[in-house]
Amino acid sequence: MQLTVNGTSHEVDVDPDTPLLWVIREELGLTGTKYGCGIAQCGACTVLVNGVATRSCVTPAESVAGQSISTIETVEETETGRRVVEAWVENQVPQCGYCQSGQVLAATALLTETPQPTDEDIEYAMTNLCRCGTYNKIRAAVRDASEA
Ligand code: FES
Ligand code: FES
């Protein structure tokens, strides 16, 4: 099947129901996307599919063939993604860092769709878990990125 990841088309030979996460990590070697729970609960595996935050651990590769898939490795290539990363650095959001690829992509999807989100918008969109409890800093960084 053909998968377009970060603007590059790849022909991958995997079972159609292989989770997108494993194709990204194992076949394409893009290890910025993390495995957390494997059951769509934590968001560590978040990627963008046509700009929408998507949990790749439960997304069959075949279901996104031909779609535009973006991972953390190229998030700064968009204006919104760059602003989000800058806000993350300025606010020193990460602790262990494990959840943060997914958090940054969830924030990028939110601000692309809703450049000036309300607190409720942020609450609704930022559902990724963080075992280090960086939630306050995540919210502060999203607000900073939205004001830029
Ligand atoms: S690893 Fe996909 S949601 Fe947790
Ligand atoms: S920074 Fe450690 S899990 Fe979020």
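Residues take their numbers from the sequence shown, with the count starting at 1. We count ligands from 1, going down the list as the structure has it; atoms in each ligand are counted the same way.
- Less than 4.0 angstrom separates some heavy atom of A40 from each of these atoms of ligand 1: 3 (S).
- If you number the atoms of ligand 1 from 1 as listed, the ones under 4.0 Å from a heavy atom of Q41 come out as 3 (S).
- Annotation: the span from Q92 atom CD to E90 atom CD amounts to 10.0 Å, rounded to 0.5 Å.
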Where do Q2 and T4 land on the side-chain hydrogen bond (donor to acceptor under 3.5 Å, both in side chains) test, with the steps shown first?
-> CA-CA 7 Å; Q2 181 265 330; T4 302; 2.8 Å; yes
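- D119 and R143 are joined by a salt bridge, as a carboxylate oxygen and a charged side-chain nitrogen come within less than 4.0 angstrom of each other.
- When each atom of ligand 1 is checked for a heavy atom of C45 under 4.0 Å away, the hits are 1 (S), 2 (Fe), 3 (S).
- Salt bridge annotation for E79-R82: present, with a cationic side-chain nitrogen under 4.0 angstrom from a carboxylate oxygen.
- Separating the OG atom in S63 from the CG atom in D17 is a distance of 10.5 Å, to the nearest 0.5 Å.
- Each of the atoms 1 (S), 3 (S), 4 (Fe) of ligand 1 lies under 4.0 Å from some heavy atom of C42.
- D144 contributes no side-chain N or O that, together with a main-chain N or O of A141, makes up a donor-acceptor pair within less than 3.5 Å.
- Side-chain contact between N6 and L30 is present, with at least one heavy-atom pair separated by less than 4.5 Å.
- At distances below 3.5 Å, not a single donor-acceptor pair connects side-chain atoms of R55 with backbone N or O atoms of T46.
- Taking backbone and side chain together, C57 holds an N, O or S atom under 2.8 Å from atom 2 (Fe) of ligand 1.
- The atoms of ligand 1 that sit less than 4.0 Å from any heavy atom of G36 are 1 (S).
- Using a 4.5 Å cut-off between side-chain heavy atoms of Ile, Leu, Val, Met, Phe, Trp and Tyr, with links allowed through other members, V58 and I69 fall into different hydrophobic clusters.
- Under 2.8 Å from atom 4 (Fe) of ligand 2, one finds the following protein N/O/S atoms: C99 SG, C130 SG.
- With respect to atom 3 (S) of ligand 1, the closest heavy atom belonging to the protein is G43 N, 3.1 Å.
- With ligand atoms numbered from 1 in the order given, ligand 1 contributes 1 (S), 3 (S), 4 (Fe) to contacts under 4.0 Å with heavy atoms of C37.
- Environment of OH in Y135: crowded, with over 12 heavy atoms of neighbouring residues, nucleotides or ligands closer than 6.0 Å.
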